Amino acid sequence: MRTTYLKIYQDALRHNLRAIRALVPKQTETVAVVKANAYGYGAVLVAGMAMEEGYEALAVAVTGEARQLRDAGFKCPIYLLGLLMPDEYEDAFETDSIIPICESTNLKLLDETAARFGKTASVMVAVDSGMNRIGVQAEDVPAFLEAIKKYTNITVHGFFTHYACADGESHEHVKHQMHRFESMVRRIPNPERYIFTAANSSTTLYFPESYYDAVRPGQIIYGYMPEGHPETQERAEKLPKFESALGLFSRVVHIHKVKAGDTVGYGATYKCSEDMWIGTVPIGYADGYPRCLSNRGEVLIGGRRYKVAGRVCMDQIMIELGYETDIKVGDEVVLIGKQGNDEITVSDIARLADTHPDEISCQLTQRIPRIYCNKY
Ligand SMILES: *Cc1c(COP(=O)(O)O)cnc(C)c1O
């Protein structure tokens with residue numbers, strides 16, 4: 001067992017899944033987004049819990065992720081969220097995935113591949129309502145729908161869009177996207193035949209008017225709370241609390257006194273102004289501890305906060321322990337989680353690294369052993 005390890009808190013994940021299921025009305029389907037190995041938490045684990053908590057479907061980004069879930073025995077609908085290139089079409093049929101399409105999709109080849117597999121391609125039309133990532137422009141969707149009709153092996157399962165600013169960035173932008181999507185929905189003949197879905201985590205929290213038939217939460221399952229808007233303040237007060245579901249632990253493997261004027265680490269970016277105790281911890285950017293936390297990151301040792309001294313190395317970091325210290329080799333280091341009365345969350349790390357918490361947990365590499373346990 002490695003000195004550095006992750007704890008994934010199953011009870012916290014379950015609490016979050018349950019809180020989301022309880023937040024949305026019964027008739028609204030919940031699709032658990034488990035792409036990127038469930039944001040680093042473990043796709044098979046989270047998918048299994050989602051099923052137990054009454055979720056109707058799963059969503060992943062790429063066909064390899066769908067295959068992992070099928071191999072693990074999941075029979076529920078699996079949505080792919082990213083567009084496929086033609087050489088991935090077969091994988092989509094082999095994994096019985098629901099395929100996103102837009103005008104960049106080779107519909108003729110998709111239709112032929114479906115026929116070859118003796119299947120119908122179940123597709124979701126990606127609708128671009130203002131994110132400008134993938135999808136048919138919302139106004140062009142009815143014509144696109146008309147044009148697909150000639151492909152007899154393609155069945156439209158529904159329509160999905162994705163919001164760019166639902167997490168506090170721009171209320172106006174959300175309203176604009178919502179309006180474009182809603183106008184499109186009104187122009188679809190026999191809408192009761194289709195599934196419409198628009199809401200990611202922040203939309204699920206703050207914009208219930210955008211639920212349609214299914215919501216697609218990701219980050220809130222993992223305990224990351226997207227920011228609300230001043231306009232959604234009233235709603236924010238009624239929302240459930242989500243639990244952080246990850247702890248990242250290590251130990252001090254070495255301590256030594258560095259003389260005034262000496263430097264620590266690559267590039268000699270940290271200089272000791274006085275004689276200084278420095279501790280070394282075996283985690284680095286090869287584990288996913290961001291290199292941009294050089295001279296910025298913080299860790300907990302003995303319930304107190306200490307700073308990363310110098311550059312984050314591939315496999316190790318050094319910590320500034322002060323002029324005097326009672327810290328010893330072997331002491332526990334908390335990189336994410338609680339120690340004493342203090343806590344460092346994934347969101348705290350993300351803020352220091354100027355990124356989103358999703359990126360932090362996604363990039364924690366398989367070199368770190370995972371321990372699945374309960375928090376309470
Ligand atoms: C990743 C993703 C989601 C989930 O987003 P969160 O912000 O993590 O809830 C939903 N829909 C699509 C299309 C996505 O790509």
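As the structure is a prediction and not an experimental result, all values here were calculated from the model. Note that ligands are numbered from 1 as they come in the structure, with each ligand's atoms numbered from 1 the same way.
Y222 and Y224 have tilted rings, their planes meeting at an angle from 30° to 60° on a 0 to 90° scale. Taking the six-membered ring where tryptophan is involved, the planes of F159 and Y194 are perpendicular, since the angle between them exceeds 60° and thus also 30°.
Sorted by first and then second residue, the ring pair (Phe, Tyr, Trp, His ring centres under 6.0 Å) pairs involving residues 86-111 (not counting sequence neighbours) are F93-F117.
Annotation: cation-pi geometry satisfied between K7 and F249 (NZ/CZ under 6.0 angstrom from ring centroid, within 45° of ring axis).
Under a cut-off of 6.0 angstrom, the local environment of CG in D354 is sparse, with at most 12 non-hydrogen atoms contributed by other residues, nucleotides or ligands.
For ligand 1, the 4.0 Å heavy-atom shell contains residues V33, K35, Y39, L81, R133, H162, N200, S201, R216, P217, G218, Q219.
At a cut-off of 3.5 Å, with distance as the only test, no side-chain donor of E29 or Y55 sits close to an acceptor on the other residue.
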